[in-house]
Amino acid sequence: MWDWLKTSKTTHGKPETKAEPDKSTEPVPAETPELKIIIITGTSGSGRKATAKKLSTDLGIPYVLSYTTRAKRPNEQDGEHYHFVSTDEFQAMAGRDEFYEAVTLERGRYGVSKNELNQALEKRKAAIIVVNWDGVQTFRREFGQGAIRIFLYVTKDDIRLRQEREAAPPEVLEEYLRNYPDQVIHKKESDYLLQNIEPSVTVDKIKAFLHDKL
Ligand SMILES: Nc1nc2c(ncn2[C@@H]2O[C@H](COP(=O)(O)OP(=O)(O)O)[C@@H](O)[C@H]2O)c(=O)[nH]1
Ligand SMILES: Nc1ncnc2c1ncn2[C@@H]1O[C@H](COP(=O)(O)OP(=O)(O)O)[C@@H](O)[C@H]1O
């Protein structure tokens with residue numbers, strides 16, 4: 001049984017941390033236009049993590065993986081899909097103010113490390129992240145138009161097909177389908193919207209879109 005299924009049913013995340021102006025650790029703020037946060041967002045199960053990973057390889061831009069307390073699924077790897085940590089470890093990191101942004105969802109807690117984001121920005125002046133709409137708002141507030149919102153979606157039937165093909169736990173599929181309406185509602189607020197039908201086409205289209213922005 002997944003731990004997050006036993007927790008409260010909050011559909012929308014509660015942003016936990018905001019970037020307070022601690023000049024020594026914060027990334028250079030929004031006004032610095034050369035810093036780019038490429039945000040892959042959209043509906044769960046639409047292929048955001050897979051797309052982020054391929055984009056990172058092709059563009060040579062670091063994919064800053066989130067930390068999470070949610071249970072690792074059978075086909076997931078630590079360090080590839082997320083940094084999977086215990087609730088105590090996550091809490092300790094939060095206590096040390098190590099998250100640039102973090103959120104609590106019914107499945108668990110999720111956060112982007114300040115340190116890892118800063119390293120990516122120093123190295124490449126850009127980073128790729130995968131976050132929900134709460135995260136989009138936070139990064140948009142901090143980085144302004146440097147936070148580029150790419151919204152991926154698929155149909156509910158495609159979510160079902162892909163999850164069944166991967167033999168995902170039925171609870172995960174139910175969760176994805178239940179949250180779909182609340183997630184897809186934001187698609188018109190993004191900078192680039194696309195249905196992820198064929199992975200290589202999706203990545204090529206995003207690269208073309210980003211071409212004059214990086
Ligand atoms: N705001 C925020 N959202 C995150 C972060 N990491 C992951 N998310 C999003 O939180 C949701 C977690 O859903 P879950 O079912 O556990 O993950 P998934 O299977 O990877 O979509 C997804 O929409 C993720 O994109 C983070 O660090 N910050
Ligand atoms: N375009 C695609 N066509 C078919 N399957 C895909 C496509 N993109 C991703 N997938 C598969 O769909 C599942 C969800 O992908 P994932 O990247 O974990 O989605 P998300 O991060 O949006 O939840 C994975 O099994 C992945 O291999």
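Whatever order the structure lists them in is the order used to number ligands and atoms, beginning at 1.
Between Asn132 and ligand 1, at least one N/O pair is under 3.5 Å apart. Ligand 1 has a nitrogen or oxygen under 3.5 angstrom from a nitrogen or oxygen of Ser66. Residue Gln183 has no N or O atom closer than 3.5 Å to an N or O atom of ligand 1. At a 3.5 angstrom cut-off on N or O pairs, Gly45 does not count as close to ligand 1.
In this structure, atom 7 (C) of ligand 2 lies nearest to the protein heavy atom Arg162 NH1, 3.4 Å. If you check which protein heavy atom lies closest to atom 23 (O) of ligand 2, you get Gly45 N, 2.8 Å. What sits closest to atom 13 (C) of ligand 2 on the protein, heavy atoms only, is Gln163 NE2, 4.2 Å.
Ligand-side atoms of ligand 1 in range of Lys49: 18 (P), 19 (O), 20 (O), range being under 4.0 angstrom from any heavy atom. Listed by number with element, the atoms of ligand 1 under 4.0 angstrom from any heavy atom of Arg107 are 13 (O), 14 (P), 15 (O), 16 (O). When each atom of ligand 2 is checked for a heavy atom of Glu166 under 4.0 Å away, the hits are 25 (O). For ligand 1, the atoms sitting less than 4.0 Å from at least one non-hydrogen atom of Arg70 are 14 (P), 16 (O), 17 (O), 18 (P), 19 (O), 20 (O), numbered in the order shown with element in parentheses. In the vicinity of Tyr176, heavy-atom distances shorter than 4.0 Å reach the ligand 1 atoms 15 (O), 18 (P), 19 (O), 21 (O). Applying the 4.0 Å criterion to heavy atoms of Arg73 picks out, from ligand 1, the atoms 14 (P), 15 (O), 16 (O), 19 (O). When each atom of ligand 1 is checked for a heavy atom of Gly135 under 4.0 Å away, the hits are 1 (N). Those atoms of ligand 2 that come under 4.0 Å of a heavy atom in Gly47, given as number and element, are 8 (N), 9 (C), 15 (O), 16 (P), 17 (O), 19 (O), 20 (P), 22 (O). Of all atoms in ligand 1, listed by their number and element, those nearer than 4.0 Å to a heavy atom of Val112 are 27 (O). Atom numbering of ligand 1 starts at 1 in the shown order; those under 4.0 Å from a heavy atom of Leu105 are 10 (O), 11 (C), 12 (C).
With a 4.0 Å cut-off on non-hydrogen atoms, Tyr82 touches ligand 1 through its side chain and not its backbone. When non-hydrogen atoms are compared, ligand 1 lies under 4.0 Å from the backbone of Val130 as well as from its side chain. Counting heavy atoms under 4.0 Å from ligand 2, residue Arg165 touches it through the side chain alone.
Residue-environment remark: NZ (Lys156) exceeds the threshold of 12 foreign heavy atoms within 6.0 Å.
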